[in-house]
Amino acid sequence: ENYETLRSFTEGVEHFRRLFDVTPEVVAYDLHPEYLSTKYAVDLADVELVGVQHHHAHIASCLADNGESGPVLGVAFDGTGYGSDGTLWGGEFLLADLTAFQRMAHLVPVPLPGGAAAIRQPWRMAAAYLGSEAPQDLIQRNAQHWDAVLAMASRRVNAPLTSSAGRLFDAVAAILGIRDSINYEGQAAVELEQLADLSELGTYFTSVTEGPTLALHGVDLVRAVVADLGAGVAPEAIATRFHHGLADAIVRVCLMLRETTGVDVAALSGGVFQNVLLLGRTVAALEHAGFRVLTHSRVPPNDAGISLGQVAVAAAIAQSGCRTR
């Protein structure tokens, strides 16, 4: 995002090239055209370029971490990543191996009002999900900009669509009054997990509609949160029910996809799966349903593991003899 980071990156590359006497022949990179690392890659001369979709890289990273090659039903839940259709993905179910993937299901996209501003200010995601149905205290806390953000979302002006699971967590955190703005990426989601009452057993239901891809309706979870909050349910219980509801929905989608694909191995990756409550319930329920579940152990599930996934994909493509993507 800034010149200092890019300079450190390029100097590091040059240092390792000299230190190990390496001349790169294949360079893997993220598909996002505005990433400085992507621009660096595509400007290189005399190399073979392999563009790797962000969430495919997440699942490939999980496969590499486990010494496997797929195919798997990969669940990639994170903040945002550039999708192969040009929209911002982040709540993805992929049928994937190391060389290719197919998007099988995803969270229903919602506007990201203000783009990056919506990442810094989670209340904007609550506005995008609920509009005028949002709780009055949330509207009043952000009254100065509320109408402008709603207009931005409804008119789709500076409000790209996103299927992000991370932004779903942001919306719920804002509704519960946990945090309207953040100081670091994922802060609202972290504090939402910390709020959860682990003795709570309740859950929320999320509808799934069929089509070319399955669509998981995150708004059902958001509306359930609002309903319980209005009924006086403790925020700690609501936070837990939200986590349980999302985990249960993940498992239900995986069961539906197993019916159509025959694949009974699931791989969980992306920064959202740093959430221990979500990860634990999801893994336990998938295993109970007969899935073999792959998670990260040596490499983080968040973007720190992306480069490993990119390398794994590029290597698999080279070994398969398939040179185009």
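Worth saying up front: this structure is predicted, and the values here are computed from it rather than measured. Along the sequence shown, the residues carry numbers beginning at 1.
Atom CG of residue Leu278 and atom CD1 of residue Ile250 lie 5.0 Å apart, to the nearest 0.5 angstrom. Taking CG of Leu94 as the reference point, atom CG of Asp97 lies at 11.0 Å (rounded to 0.5 Å). Rounding to the nearest 0.5 Å places CZ of Phe77 at 8.0 Å from CD of Glu92. Remark: Ser69 OG to Leu98 CG distance equals 6.0 Å, nearest 0.5 Å. To the nearest 0.5 Å, atom CG of residue Leu221 and atom CG of residue Leu216 are 7.0 Å apart. Interatomic distance, Tyr29 OH to Ile306 CD1, rounded to the nearest 0.5 Å: 15.0 Å.
Taking the six-membered ring for Trp and the full ring otherwise, the centers of His243 and Phe169 sit less than 6.0 Å from each other.
Shown here is Leu201, whose CG atom has no more than 12 heavy atoms of other residues, nucleotides or ligands within 6.0 Å. Atom CD of Glu4 has more than 12 neighbouring heavy atoms from other residues, nucleotides or ligands inside a 6.0 Å radius. Residue-environment remark: CG (Asp43) exceeds the threshold of 12 foreign heavy atoms within 6.0 Å. The environment of Asp46 atom CG is sparse: at most 12 non-hydrogen atoms of other residues, nucleotides or ligands sit within 6.0 angstrom. Sparse packing is recorded around OH of Tyr3, with 12 or fewer heavy atoms of other residues, nucleotides or ligands lying under 6.0 Å away. Heavy-atom contacts from other residues, nucleotides or ligands closer than 6.0 Å to CD of Glu14 number more than 12. In Arg141, the CZ atom is crowded: over 12 heavy atoms of neighbouring residues, nucleotides or ligands sit closer than 6.0 Å.
Side-chain contact between Leu257 and Val263 is absent, with no heavy atoms from C-beta onward closer than 4.5 Å. Under the 4.5 Å side-chain criterion, counting only non-hydrogen atoms from C-beta, Leu195 is in contact with Pro235. Contact check for Gln187 versus Arg179: side-chain heavy atoms found under the 4.5 Å cut-off. In this structure the side chain of Gln121 never reaches within 4.5 angstrom of the side chain of Asn142, judged on heavy atoms. For the pair Cys254/Val75, a side-chain contact is recorded, criterion being any heavy-atom separation below 4.5 Å from C-beta on.
For the side-chain contact (heavy atoms from CB on, under 4.5 Å) with Gln310, the qualifying choice from Val27, Asp30, Val50 is Asp30, the only one to do so.
Within the 3.5 Å criterion, the main-chain N or O of Leu6 finds a donor-acceptor partner in the side chain of Thr10. Thr38 places no side-chain N or O within 3.5 Å of a backbone atom of Glu34 that could act as its donor or acceptor partner. Under the 3.5 Å distance criterion, the side-chain polar atoms of Asp78 are left unmatched by any main-chain donor or acceptor of Gly271. Checking side-chain atoms of Thr203 against main-chain N and O of Gly245 turns up a donor-acceptor pair under 3.5 Å.
Ring orientation note: the planes of Phe101 and His56 are tilted relative to one another, at an angle of 30° to 60°. By the 30° and 60° cut-offs, the orientation of the rings of His32 relative to Tyr82 is tilted. Ring geometry for Phe16 versus Phe20: interplanar angle under 30°, hence parallel rather than tilted (30 to 60°).
For the pair Val149 and Ala127, the tightest heavy-atom approach, listed with the atom from each and the gap, is CG1-CB, 4.1 Å. The two atoms that bring Ala285 and Val251 nearest to each other are CB-CG2, 3.6 Å, heavy atoms only.
With salt bridges taken as basic N to acidic carboxylate O contacts below 4.0 Å, none links Asp170 and Arg124. Salt-bridge annotation for Asp65 and Arg298: present, with a side-chain N of the basic residue lying under 4.0 Å from a carboxylate O of the acidic one.
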Start with the C-alpha distance between Phe205 and His217, add both sets of side-chain angles, then the distance that settles ring pair (Phe, Tyr, Trp, His ring centres under 6.0 Å), and finish with yes or no.
CA-CA 10 Å; Phe205 179 79; His217 292 262; over 10 Å; no

